[in-house]
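Heavy atoms only: backbone and side chains are in, while hydrogens, waters and symmetry mates are out. Small disclaimer: the values here were computed from a predicted structure and weren't measured.
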Amino acid sequence: MSSSDFEHEVKLSLTVNGRRYTRTVEPRMLLADFLRHELGLTGTHVGCEHGVCGACTVQFDGEPARSCLTFAVQAQGHAISTVESLAGGPGKLSVLQEAFRECHGLQCGYCTPGILMTMQAYLAQHPDPTEAEVREALSGNLCRCTGYQHIVDAVLLAAKNLRAGAAA
Amino acid sequence: MKPAPFRYAAAQSLEHALALKAEAGEEARFLAGGQSLIPAMNFRLAQPAMLIDLNPLDDLDYITVDNGALRIGARTRYSRVEHCAEVARWQPLLAEVLPNIAHPQIRNRGTLCGNLSNADPASELPAVMLAAGARMHAHSAGGDRWIAAADFFINLFETALQPDEMLVEIELPALPARSGTCFIEVARRPGDYAMAGVAASLTLDANGRCGSASIALCNAGPTPMAAAAAAQLLIGGVLDAEAIAAAAAQAQEEVEPNGNVHCTADYQRHLAGVLTRRALTSAAARARQGTSA
């Protein structure tokens, strides 16, 4: 127990989208940058870098979190999911993604991965939200193109389709 | 921007974390959820030379209720407290404030003890600790001590914690019978910092008069602001509209808002009065119903 316990580099092992990775990183590396630069998972977008815009939202042990407000080393031994995990495979879309396509829920698409990772977890917990509840659930994600209406439409459609799928 | 370089230690135990802090002093910061510290580091407003990561300390992730008194550990995240039925039952003021603190993505990572150690007067939680009469349990390598919330918040982002100390847990005392509490705020959007917010806690005596009262406001000065004189006006009296209006007017005199990009200081002072009136009215109704929330 001494100052030698403080390290300049850390050997990091974690699971991303079900796959195990080990890398040596500087402790100051943000999880968002780790995903993009070390693993090449560029679906996670970096916007404001201070936790306001939500573009970098990933799921940390299944719960939405800002990857710009998390050091990669904090994910030691944990499981991260990114937007790349949502679709079942190449050319496929998840129910939520399909609803965004259907409702024109994106224009430039920069905010979309963060919104998908937020709302995928939200709908798993709240299968039948009202429009007002969807708007509140979206309040941690900024979109500068759509005015949100088509995003709200897409989330409500996804909720409906997910309920229908669960009932079938 | 990106954080400046720092050296990192993952704490292996509370004792390990405290020993590292004793050695490194002010050059090191504790890292819990990081939801205030990391943005400050991204802006390079904060450039700690070392971070001591508390995230591995699962034994500091707890909520215990003992005869209505609540204890919450240093690694306990907002979301866990927000969704805890025991908290809602025994400490409704805390349950009521939590959905107002930032967004779910932030609450999934941030911790209550981290928030309080940061001592941002714009944050809701410090005001709730004042109104609830909470105590802070500080540990260092040399021992531990309890600090009353009223003595904990010294100034803007400044607490009573010494450089070798860590806020290891908080304790909220049990609400007496015939109590009612309320938290209310005005913010531009859900999850934003409040332009003003009020936490109130009232207890009726056996005759239905006000036996005790506490009122605290957020974003109303350099620390969470206790409206002590306003609360004193209520003691011993009937909690009617007239008494509540007088206390609300007094609370307006006790705040020191600075104004910000979203609102002027005059508007914050106006809100302090309106929200104090609403919070007291609601808390009094809850106390009479015997349901604290």
Side-chain angles (χ1 to χ4, degrees), chain A residues 1-10 12 25-33 46 48-54 56-78 114-115 117-119 121-122 125-126 132-133 135-142, chain B residues 1-13 15-20 22-24 27-28 31-45 47-56 77 79-80 83 99 102-110 141 187-192:
Chain A
M1 201 177 296
S2 72
S3 55
S4 62
D5 288 1
F6 289 102
E7 300 173 290
H8 290 282
E9 287 191 322
V10 176
L12 168 64
V25 299
E26 265 193 282
R28 69 166 167 158
M29 176 170 271
L30 298 169
L31 180 59
D33 294 328
V46 177
C48 71
E49 293 193 313
H50 63 284
V52 171
C53 79
C56 69
T57 303
V58 300
Q59 290 176 13
F60 193 110
D61 294 336
E63 296 181 331
R66 307 286 204 225
S67 62
C68 78
L69 297 190
T70 309
F71 291 117
V73 291
Q74 292 180 275
Q76 182 80 265
H78 291 275
I115 291 180
M117 297 314 287
T118 299
M119 299 314 293
Y122 179 79
Q125 301 277 329
H126 307 86
E133 287 165 346
R135 286 183 184 277
E136 180 154 352
L138 282 167
S139 65
N141 294 81
L142 297 181
Chain B
M1 278 176 47
K2 309 296 181 189
F6 58 87
R7 289 188 295 143
Y8 170 89
Q12 295 152 20
S13 65
E15 293 68 32
H16 183 223
L18 295 172
L20 290 172
E23 181 185 296
E27 284 201 84
L31 172 66
Q35 301 300 286
S36 297
L37 178 58
I38 298 178
M41 290 176 68
N42 287 355
F43 280 126
R44 302 205 178 188
L45 295 169
Q47 297 193 27
M50 288 166 264
L51 287 187
I52 303 164
D53 190 355
L54 306 177
N55 284 278
R77 305 186 197 278
S79 289
R80 178 168 175 197
H83 297 117
H103 303 288
Q105 296 98 325
I106 307 285
R107 297 199 293 275
N108 284 338
R109 297 296 301 162
R188 294 174 73 244
R189 292 173 308 176
D192 282 5

Give a yes or no on whether [X] atom [atom1] has more than 12 heavy-atom contacts from other residues, nucleotides or ligands under 6.0 Å away.
{"X": "B:Arg188", "atom1": "CZ", "result": "no"}
{"X": "A:Glu63", "atom1": "CD", "result": "yes"}
{"X": "A:Glu133", "atom1": "CD", "result": "yes"}

Atom of [X], atom of [Y] and distance for their closest heavy-atom approach:
{"X": "A:Phe6", "Y": "B:Leu51", "answer": "CE2-O, 3.7 Å"}
{"X": "B:His103", "Y": "A:Ser139", "answer": "CE1-O, 3.2 Å"}
{"X": "B:Gln105", "Y": "A:Gly140", "answer": "NE2-O, 4.0 Å"}
{"X": "A:Glu26", "Y": "B:Pro5", "answer": "OE2-CB, 4.3 Å"}

Do you know which of B:Pro99, B:Pro104, B:Pro190 makes side-chain contact (heavy atoms from CB on, under 4.5 Å) with A:Glu136? B:Pro190
Interface moiety of A:Val52 toward chain B, non-hydrogen atoms closer than 4.5 Å: neither
At a 4.5 Å cut-off on heavy atoms, which part of A:Asp61 comes close to chain B: side chain, backbone, both, or neither? neither
Is it true that a side-chain atom of [X] and a backbone atom of [Y] form a donor plus acceptor pair closer than 3.5 Å?
{"X": "B:Asn108", "Y": "A:Pro64", "value": "yes"}
{"X": "A:Arg28", "Y": "B:Phe6", "value": "no"}
{"X": "B:Asn42", "Y": "A:Cys68", "value": "yes"}

Any side-chain heavy-atom pair of A:Phe71 and B:Pro3 under 4.5 Å: yes
Min side-chain heavy-atom separation A:Arg66-B:Ile106 under 4.5 Å: yes
Given heavy-atom pairs under 4.5 angstrom as the criterion, report whether the side chain, backbone, both or neither of [X] touches chain A.
{"X": "B:Leu37", "value": "neither"}
{"X": "B:Ala4", "value": "backbone"}
{"X": "B:Ala32", "value": "backbone"}

Please report the interatomic distance [atom1]([X]) to [atom2]([Y]), rounded to the nearest 0.5 Å.
{"X": "B:Asn55", "Y": "A:Gln76", "atom1": "CG", "atom2": "CD", "value": "11.5 Å"}
{"X": "B:Arg7", "Y": "A:Asp5", "atom1": "CZ", "atom2": "CG", "value": "10.0 Å"}
{"X": "A:Gln74", "Y": "B:Leu31", "atom1": "CD", "atom2": "CG", "value": "4.0 Å"}

Partners meeting salt bridge (Lys or Arg N to Asp or Glu O under 4.0 Å) with A:Glu49 (sequence neighbours left out): B:Lys2
